[in-house]
Amino acid sequence: EGDYKFDERFGELLKKAHENDYYAHIMIWVAPGTPEWLYEIGVPKVETDRKTNALGEKTKAVNFPYYLDSLYQEKYFKLLSAWAEYIDQLPDHLHKRILFVQSCEGSTGDGWGYKGKPLDKKYAISRAQWEDYRIMVWGRLKEMFISKSNRPIKIAVNSDANGDKSDRWLEENLGDYGLKMGMSSHGYHVSDNQLR
């Protein structure tokens, strides 16, 4: 906890983007790949019935944090806050390379929390609960990357799980924002798409 590798994971790549005149959107995946120490300190580990990982590789289990757990949310927002502070203090030539910060509140940046269904039904999250959780995350990102930032960055969200409430919140609260439209391209040239 608190041992963030922002220079390694973002700073070095932004330097390469600057050297090659590229622009980027940035994000932090929360799952899969959730650090094991989170589960060790009490965040519930949710195992699903999915038998392939995000890259289409067969696996025994795909695990996710229980996003509605208060301890998970505490650690998640602590990470995002430290990340926002890091991004805000970047030199101008690197900061301007960032076009959007993508909200990755669920699995792989998609609009849903889990890949597959939880084996333990007590960790199932309804559409309404998930929509409320996403809106809460977006509000925190707005606070960190726009309201409290010296150099605001637009927020991008995945649109594949949005409902009327989500869309209305985005329009009323974010103004100019980005939408990830991944679903329109997923069916073409994705290895092992049917298995996934």
Side-chain angles (χ1 to χ4, degrees), residues 1-6 9 25-84 101-144 155-167 169-170 179-183 186-187 190-196:
E1 182 175 4
D3 183 19
Y4 305 124
K5 294 179 171 47
F6 297 141
R9 300 292 182 167
H25 80 273
I26 60 174
M27 60 181 149
I28 293 180
W29 267 20
V30 297
T34 306
E36 283 297 318
W37 66 264
L38 279 172
Y39 303 129
E40 292 166 5
I41 64 168
V43 172
K45 182 188 281 190
V46 180
E47 186 177 340
T48 69
D49 61 0
R50 179 85 175 251
K51 298 302 176 204
T52 56
N53 66 20
L55 301 175
E57 301 162 337
K58 290 183 181 180
T59 184
K60 290 182 181 178
V62 180
N63 301 310
F64 301 90
Y66 182 52
Y67 303 101
L68 304 184
D69 179 71
S70 60
L71 180 59
Y72 170 77
Q73 290 179 16
E74 174 193 328
K75 302 304 181 186
Y76 177 49
F77 291 127
K78 183 177 178 184
L79 166 67
L80 292 182
S81 181
W83 183 45
V101 171
Q102 183 182 330
S103 176
C104 293
E105 65 278 346
S107 173
T108 70
D110 289 347
W112 295 101
Y114 305 136
K115 297 277 195 254
K117 295 179 182 163
L119 298 180
D120 187 336
K121 302 301 180 206
K122 74 180 176 187
Y123 296 123
I125 299 173
S126 71
R127 284 181 175 263
Q129 288 173 307
W130 187 247
E131 189 168 43
D132 288 343
Y133 175 70
R134 294 178 79 211
I135 288 170
M136 178 184 62
V137 172
W138 299 340
R140 296 293 291 271
L141 287 172
K142 176 185 177 186
E143 178 184 315
M144 294 172 198
I155 307 297
V157 302
N158 193 310
S159 63
D160 68 354
N162 289 9
D164 291 339
K165 184 177 179 180
S166 306
D167 287 338
W169 189 94
L170 289 166
L179 283 178
K180 176 186 174 188
M181 302 295 286
M183 290 301 118
H186 278 196
V190 177
S191 299
D192 300 316
N193 194 54
Q194 189 172 10
L195 176 63
R196 292 186 193 192

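With sequence neighbours left out, K121 forms a side chain to side chain contact (heavy atoms under 4.5 Å, CB included) with no residue at all. For M136, the side chain to side chain contact (heavy atoms under 4.5 Å, CB included) criterion is met by Q73, F77, Y133, not counting sequence neighbours. Every residue two or more places apart in sequence or in another chain was checked for a side-chain hydrogen bond (donor to acceptor under 3.5 Å, both in side chains) with E47, and none qualifies. For S70, the side chain to side chain contact (heavy atoms under 4.5 Å, CB included) criterion is met by no residue, not counting sequence neighbours. Taking D3 as the reference, K5 meet the salt bridge (Lys or Arg N to Asp or Glu O under 4.0 Å) condition, with sequence neighbours excluded. In this view, D167 and N162 satisfy the side-chain hydrogen bond (donor to acceptor under 3.5 Å, both in side chains) rule, not counting sequence neighbours. Considering only residues two or more places apart in sequence or on other chains, Y4 meets the ring pair (Phe, Tyr, Trp, His ring centres under 6.0 Å) condition with F6. A31 is linked by a side chain to side chain contact (heavy atoms under 4.5 Å, CB included) to T34, F64, P65, Y67, counting only residues two or more places apart in sequence or in another chain.
The closest donor-acceptor contact from the side chain of D69 to the backbone of L71 lies under 3.5 Å. Between the side chain of W130 and the backbone N or O of G111, at least one donor-acceptor pair lies under 3.5 Å. Judged purely by atom type and a 3.5 angstrom limit, T48 uses its side chain to pair as donor or acceptor with the backbone of K115.
Atoms CG and SG, on L80 and C104 in that order, are 9.5 Å from each other to the nearest 0.5 Å. Taking CD1 of I155 as the reference point, atom CH2 of W138 lies at 11.0 Å (rounded to 0.5 Å). Note: D110 CG to S159 OG = 10.5 Å, rounded to the nearest 0.5 Å.
The salt bridge (charged side-chain N to carboxylate O under 4.0 Å, His left out) pairs that include a residue from residues 125-143 are E105-R134, D132-K165, E143-K148, where partners are two or more places apart or lie in different chains. Residue pairs that meet the salt bridge (charged side-chain N to carboxylate O under 4.0 Å, His left out) test with at least one member in residues 73-83, sequence neighbours left out, are E1-K75, E1-K78.
In this structure the side chain of V157 reaches within 4.5 angstrom of the side chain of L179, judged on heavy atoms.
Under the side chain to side chain contact (heavy atoms under 4.5 Å, CB included) test applied with Y66, the options Y72, Y114, Y39 reduce to a single match, Y114.
Scanning both residues, A124 and Q129, for their nearest heavy atoms gives O-OE1, 4.1 Å.
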Which is it for L119 and D49 under the side chain to side chain contact (heavy atoms under 4.5 Å, CB included) test, yes or no, and what are the steps along the way?
-> CA-CA 6 Å; L119 298 180; D49 61 0; 3.9 Å; yes
